[in-house]
Amino acid sequence: MRRIRAAAAGAVTVSLLTAVTACGGGSSTGGGSNDSPKTLTYWASNQGASIEVDKKVLQPELDKFEKQSGIKVKVEVVPWSDLLNRILTATTSGQGPDVLNIGNTWSASLQATGALLPWDASNFAKIGGKDRFVDSALGSTGAQGKDPAAVPLYSMAYALYYNKKLFADAGIAKPPATWDELIADGKKLSKGDKWGLGAEGSNPSENIHHVFVFAKQHGADFFTADGKPDFTSDGTVAAVKQYIDLMAKDKIIAPGNAEYAQNQSVSDFAKGKNAMLLWQSASANLKSQGMSDDAYGIAPVPGQSGTPGTGTNVNSMVAGINLAVFKNSHNLDGATKFVKFMTSDAEQKILNTAYSSIPPVKTAQTDATFNTPANAVLKDTLAKSAAALPQVADESQFETTVGTAVKALFADAAAGRAVTTESVKAELEKAQQQMPAK
């Protein structure tokens with residue numbers, strides 16, 4: 001999933017995810033139609049540095065679609081802080097869009113509501129076939145064994161962005177490959193008003209992305225094989241503590257980052273306030289904030305040791321944005337045409353270039369446009385060392401509860417309160433108690 005995202009409030013998420021009423025396009029009857037063949041509504045997620053940037057990227061493409069199809073698309077760019085709650089409310093109110101962006105980690109949770117159009121073989125055939133998409137992207141489109149609830153639109157992976165000048169000034173010759181190296185480098189770089197690393201400590205979903213990776217590196221997961229929450233194992237506790245310790249113990253993240261939730265760490269990096277940034281496909285965002293491509297380098301996210309790969313060497317979640325259709329849209333045919341248009345080779349090149357993301361469509365991904373040094377790191381990570389977040393119905397609630405627990409621990413660290421193994425476990429126990437009963 002993408003960037004500045006805060007998951008829905010726990011009680012709202014639980015109540016809405018238990019609903020199975022389909023919605024979208026203004027009807028709550030559960031059945032779709034083609035009653036409004038000339039219009040579509042589209043909720044787009046905020047991918048760029050601002051909502052205005054997104055509108056400038058999207059509107060020419062929507063105009064192009066209207067010219068080709070005769071269908072006018074009314075777009076609303078929705079901030080990540082609002083998107084999940086808006087979608088969940090739409091699943092019961094019937095007042096949703098025809099087509100929408102969802103963070104790929106939400107796919108199974110939203111699939112469980114019954115509100116989204118299933119992408120079975122017949123529907124995939126209408127957009128050119130399922131085999132057009134890379135396997136890593138398809139792995140985050142819904143629960144295993146079920147027809148996907150969405151179609152991949154943008155693929156992303158985490159990478160380590162580092163400021164070349166600040167590294168050179170500190171006498172650091174290369175980016176860190178392990179966390180021990182990152183901490184050592186971060187201490188050299190944390191001087192005066194500059195810090196080694198940035199974080200979005202008040203963003204529950206951004207927190208989840210990082211502690212998920214740390215958990216994998218500790219040989220743990222937040223769910224059992226049969227989908228039950230398992231937040232308090234030794235490995236998950238150690239993972240969360242290691243992440244928080246970057247501020248609490250290692251002191252390479254500024255205490256003020258505990259309040260960041262709206263891309264502030266990216267802005268700090270672009271302004272030279274932080275020497276390192278762990279982010280998803282950040283190049284376009286940095287460029288829009290005035291940072292030149294040659295001012296920073298891109299390297300794989302560190303591991304505990306060794307070369308990134310599978311198992312305990314995972315160094316990124318499979319990030320990305322999917323396109324979904326509310327199955328009672330009043331323009332089902334038009335919605336399908338729009339998904340086909342947005343996932344066409346031509347549009348995949350335009351949109352993924354604009355957002356410095358990777359096309360999940362195979363033929364577009366191999367285009368020379370995406371063979372840049374920056375994309376090489378992201379593509380290699382997606383192919384070799386990224387893992388999908390659990391595709392379970394309770395995934396969005398997991399993001400809410402555990403992500404908020406991490407937020408509280410960052411607040412403790414920022415305030416100078418001790419962050420111990422016991423305090424981490426206590427927060428995770430509270431988070432697990434908030435999960436739906438099985």
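The first residue in the sequence is number 1, and the count goes up from there. Only a predicted model underlies this, so the values are computations on that prediction, with no experimental measurement involved.
- Between the side chain of Q397 and the main chain of E395, no donor-acceptor pair closer than 3.5 Å is present.
- No donor-acceptor pair under 3.5 Å is formed between the side chain of S265 and the backbone N or O of G198.
- Inter-residue side-chain proximity for V424 and L409 is flagged as met; some heavy-atom pair is nearer than 4.5 Å.
- Sorted by first then second residue, the ring pair (Phe, Tyr, Trp, His ring centres under 6.0 Å) pairs that include residues 400-427, not counting sequence neighbours, are Y243-F410.
- Expressed to the nearest 0.5 Å, how far CG of L110 lies from CG of L88 amounts to 6.0 Å.
- Note: L382 CG to S316 OG = 6.5 Å, rounded to the nearest 0.5 Å.
- Of the N and O atoms on the side chains of T178 and D180, not one donor lies less than 3.5 Å from an acceptor on the other residue.
- The pair D345-R132 meets the salt-bridge criterion, with a side-chain N (NZ, NE, NH1 or NH2) lying under 4.0 Å from an Asp/Glu carboxylate O.
- Among pairs with a residue in residues 182-204, none fulfils ring pair (Phe, Tyr, Trp, His ring centres under 6.0 Å), at least two apart in sequence or across chains.
- Using modelled atom types and a 3.5 Å distance limit, the side chains of Y161 and S283 yield no donor-acceptor pair.
- No side-chain donor from either of N322 and T141 sits under 3.5 Å from a side-chain acceptor of the other.
- Put simply, the side chain of Q280 never gets that close to the backbone of M156: no donor and acceptor are under 3.5 Å apart.
- Across all their heavy atoms, V77 and D54 have their closest contact at CG1-OD2, 3.6 Å.
- Within a 6.0 Å radius of NZ in K74, no more than 12 heavy atoms belonging to other residues, nucleotides or ligands are found.
- With respect to E76 and R86, a salt bridge is recorded, a charged nitrogen being found less than 4.0 Å from a carboxylate O.
- Taking the side chain to side chain contact (heavy atoms under 4.5 Å, CB included) definition, one finds that E52 meets it with S50, K55, sequence neighbours left out.
- Between the OG atom of S357 and the CG atom of L153 there is a distance of 8.0 Å, given to the nearest 0.5 Å.
- Within the 3.5 Å criterion, the main-chain N or O of A137 finds no donor-acceptor partner in the side chain of S140.
- Using a distance-only test at 3.5 Å, with no hydrogens or angles considered, no donor-acceptor pair links the side chain of N313 to the main chain of P308.
- For the residue pair N315 / S385, a side-chain donor-acceptor distance below 3.5 Å is found, with atom types taken as modelled.
- In this structure, N207 contributes its side chain and G201 its backbone to a donor-acceptor pair below 3.5 Å.
- Closest heavy-atom contact between D98 and T41: OD2-N, 2.8 Å.
- Looking only at side-chain heavy atoms (C-beta outward), F223 and K228 stay at 4.5 Å or farther from each other.
- K64 and E61 are joined by a salt bridge, as a carboxylate oxygen and a charged side-chain nitrogen come within less than 4.0 angstrom of each other.
- Relative orientation of the Y154 and Y355 rings is perpendicular, given thresholds of 30° and 60° on the angle between their planes.
- Side-chain N/O atoms of Q434 and T401 include no donor and acceptor closer than 3.5 Å.
- When atom types are taken as modelled, the side chain of Q264 and the backbone of A261 share a donor-acceptor pair closer than 3.5 angstrom.
- In this structure, the ring of W80 has its center less than 6.0 angstrom from the ring center of W106.
- The number of heavy-atom neighbours closer than 6.0 Å to CG of D234, taken from other residues, nucleotides and ligands shown, is 12 or below.
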Tell me which donor-acceptor pairs under 3.5 Å the side chains of residues 211-222 have, and how far apart each pair is, sequence neighbours excluded?
residue, atom, partner, partner atom, Å
K216, NZ, D221, OD2, 3.2
Q217, OE1, W179, NE1, 2.9
Q217, OE1, Q304, NE2, 3.1
Q217, NE2, P302, O, 3.1
Q217, NE2, V314, O, 3.0
H218, NE2, Q242, OE1, 2.8

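- Contact annotation: the side chain of N104 never approaches that of I321 to less than 4.5 Å [non-hydrogen atoms, C-beta and beyond].
- Here the shortest heavy-atom pairing between L182 and P176 reads N-CB, 3.4 Å.
- With values rounded to the nearest 0.5 angstrom, I244 atom CD1 is found 12.0 Å from T420 atom OG1.
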Show the atom names and distances, to 0.1 Å, of all donor-acceptor pairs under 3.5 Å that link a side chain in residues 267-277 to residues at least two apart or in another chain.
residue, atom, partner, partner atom, Å
S267, OG, Q289, OE1, 2.8
D268, OD2, Y260, OH, 2.7

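- With rounding to the nearest 0.5 angstrom, the OG1 atom of T91 is 8.5 Å from the CG atom of L116.
- Applying the side chain to side chain contact (heavy atoms under 4.5 Å, CB included) rule to K164 yields the partners Y162; only residues at least two apart in sequence or on another chain are considered.
- Of the possible polar contacts, none joining the Q348 side chain to the T363 backbone as a donor-acceptor pair under 3.5 Å is found.
- Between the side chains of Q111 and S109, no donor-acceptor pair of N or O atoms lies under 3.5 Å.
- Judged by distance alone, the side chains of E399 and S205 do bring a donor and an acceptor atom under 3.5 Å apart.
- A donor atom on one side chain and an acceptor atom on the other are found under 3.5 Å apart for N375 and T372.
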